[in-house]
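Starting from 1, each residue takes its place in the sequence as its number.
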Amino acid sequence: SARVSSGPWLSLSFESSKMSRYIPPNNFGPVEENLYRCGQPTEVNFPFLEQLGLRKIIYLAADDPSPAFQSFVEDQGIEFIHLGKLGNKNIWGPISEELVLAGLDVLLDPENYPLAVMCNLGRHRTGTLIGCLRKLQRWNLTSILSEYRRYAGSKVRLENEQFIELFDTDLVSIPESRPRFLLT
């Protein structure tokens with residue numbers, strides 16, 4: 001039996017013979033305890049996702065997910081929240097404030113966890129939403145943008161960085177019952 005651990009956020013145990021079947025989606029990473037980010041998974045990633053015991057998925061891509069992914073979500077009983085249809089439908093355009101606020105509303109409800117945030121590649125829309133969450137957590141801008149760039153790689157979009165920098169956290173309604181990782 002092997003144990004894979006990525007800090008306090010992700011710890012999975014596998015039988016040695018099955019380990020090769022657990023492949024995370026592109027740009028997968030833990031954000032906080034029981035909160036993950038990634039690109040749209042393919043069939044090879046489903047066994048890995050199954051181990052996370054996800055309750056909900058926030059899907060930020062404007063287009064529909066693949067039929068295989070839709071079937072996986074239904075089979076697992078995961079609530080699929082397709083926010084990508086809100087705001088700007090242009091996949092190359094900037095994320096909308098409406099989409100970020102709707103996404104944060106879901107992220108701030110501890111009843112939604114374990115939860116994954118994803119878009120097509122897990123770079124821009126996902127990175128922008130997570131960046132705005134980091135602003136709510138009072139991270140400094142340098143650290144927020146460093147995390148965004150780590151997942152965006154060479155495809156950094158300056159308009160997303162600017163959106164994060166200028167995002168007004170006063171627009172967010174902080175619920176009384178919120179995840180432990182959110183400071184008051």
Side-chain angles (χ1 to χ4, degrees), residues 6-7 9-10 23-42 45 48-49 52 54 56-66 69 73 78 80-109 112-172 174 178-179 181-183:
S6 176
W9 304 289
L10 176 65
I23 302 168
N26 287 334
N27 273 326
F28 176 83
V31 177
E32 291 292 344
E33 184 178 359
N34 289 318
L35 175 59
Y36 311 97
R37 61 171 295 155
C38 62
Q40 181 179 180
T42 62
N45 309 127
F48 178 87
L49 290 178
L52 300 178
L54 296 173
K56 296 189 182 185
I57 291 173
I58 299 174
Y59 189 69
L60 302 172
D63 53 344
D64 290 326
S66 72
F69 182 44
V73 168
I78 300 169
F80 190 79
I81 305 167
H82 193 176
L83 295 179
K85 300 219 181 253
L86 295 175
N88 191 350
K89 309 276 188 294
N90 176 1
I91 63 168
W92 303 108
I95 194 169
S96 71
E97 188 174 84
E98 175 188 19
L99 188 149
V100 169
L101 292 172
L104 288 171
D105 192 48
V106 176
L107 286 175
L108 296 179
D109 183 351
N112 294 329
Y113 289 79
L115 172 75
V117 178
M118 57 184 70
C119 58
N120 286 329
L121 298 174
R123 290 180 181 162
H124 305 297
R125 289 172 179 247
T126 298
T128 303
L129 178 59
I130 298 302
C132 292
L133 173 66
R134 298 305 193 196
K135 276 193 83 167
L136 281 175
Q137 291 178 290
R138 300 185 182 130
W139 280 30
N140 68 56
L141 185 61
T142 301
S143 297
I144 294 169
L145 296 181
S146 175
E147 182 180 48
Y148 171 80
R149 292 172 185 158
R150 188 169 39 254
Y151 287 95
S154 64
K155 306 290 186 182
V156 168
R157 293 184 181 162
L158 295 177
E159 65 268 20
N160 291 342
E161 291 185 341
Q162 184 178 41
F163 183 97
I164 294 167
E165 180 180 4
L166 299 175
F167 180 70
D168 183 0
T169 57
D170 289 338
L171 297 173
V172 180
I174 307 292
R178 59 185 160 267
F181 61 76
L182 191 63
L183 301 173

>> Quick one, Val106 with Val117, criterion side chain to side chain contact (heavy atoms under 4.5 Å, CB included). Give me CA distance, side-chain angles, the key distance, then yes/no.
In response: CA-CA 10 Å; Val106 176; Val117 178; over 6 Å; no
Roughly how far, to the nearest 0.5 Å, is the [atom2] atom of [Y] from the [atom1] atom of [X]?
| X | Y | atom1 | atom2 | answer |
| --- | --- | --- | --- | --- |
| Leu83 | Arg125 | CG | CZ | 10.5 Å |
| Leu49 | Ile23 | CG | CD1 | 11.5 Å |
| Asn27 | Asn120 | CG | CG | 12.0 Å |
| Ile81 | Leu115 | CD1 | CG | 7.0 Å |
| Lys56 | Phe80 | NZ | CZ | 13.5 Å |
| Ile130 | Ile144 | CD1 | CD1 | 11.5 Å |

Where the side chain of [X] meets the backbone of [Y], is there a donor-acceptor pair that is under 3.5 Å apart?
| X | Y | value |
| --- | --- | --- |
| Gln40 | Ser66 | yes |
| Arg37 | Gly122 | yes |
| Asn26 | Leu121 | no |

For [X], salt bridge (charged side-chain N to carboxylate O under 4.0 Å, His left out) partners two or more places apart:
| X | value |
| --- | --- |
| Arg134 | Glu32, Glu147 |
| Arg150 | none |
| Asp105 | none |

Mind checking what makes side chain to side chain donor-acceptor pair (under 3.5 Å) contact with [X], not counting sequence neighbours?
| X | result |
| --- | --- |
| Asn45 | Thr42 |
| Tyr148 | His124, Asn160 |
| Thr169 | none |
| Lys135 | none |

Residues forming a side-chain contact (heavy atoms from CB on, under 4.5 Å) with [X], sequence neighbours excluded:
| X | answer |
| --- | --- |
| Pro24 | Phe28, Phe48 |
| Asn140 | Thr142, Ser143 |
| Ile78 | Leu54, Ile57, Phe72, Val73, Gln76 |
| Asp109 | Glu111, Asn112 |

Heavy-atom distance under 4.5 Å between the side chains of [X] and [Y], does that happen here?
| X | Y | value |
| --- | --- | --- |
| Leu107 | Leu129 | yes |
| Leu60 | Thr128 | no |
| Phe167 | Leu104 | yes |
| Met118 | Ile58 | no |
| Glu161 | Arg149 | yes |
| Tyr59 | Asp64 | no |
| Leu171 | Leu101 | yes |

> Hey, mind stepping through Glu33 and Phe181 against side chain to side chain contact (heavy atoms under 4.5 Å, CB included) and telling me if it holds?
Replying inline: CA-CA 8 Å; Glu33 184 178 359; Phe181 61 76; over 6 Å; no
Nearest atoms (heavy-atom pairs only) where [X] meets [Y]:
| X | Y | result |
| --- | --- | --- |
| Pro65 | His82 | CD-CE1, 4.4 Å |
| Phe69 | Pro41 | CE1-CG, 3.3 Å |
| Pro25 | Gly39 | CB-O, 3.7 Å |
| Leu99 | Ile95 | CD2-CD1, 3.3 Å |

>> Could you work out, with ring-ring contact (aromatic ring centres under 6.0 Å, His included) as the rule, every residue matching Tyr151, not counting sequence neighbours?
In response: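 Scan of Tyr151 (ring-ring contact (aromatic ring centres under 6.0 Å, His included), adjacent residues dropped) gives none.
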>> Assess the residue pair Leu182 and Ile174 against the criterion (side chain to side chain contact (heavy atoms under 4.5 Å, CB included)); give the C-alpha distance rounded to whole Å, side-chain angles, the decisive distance to 0.1 Å, and a yes or no.
In response: CA-CA 9 Å; Leu182 191 63; Ile174 307 292; 4.0 Å; yes
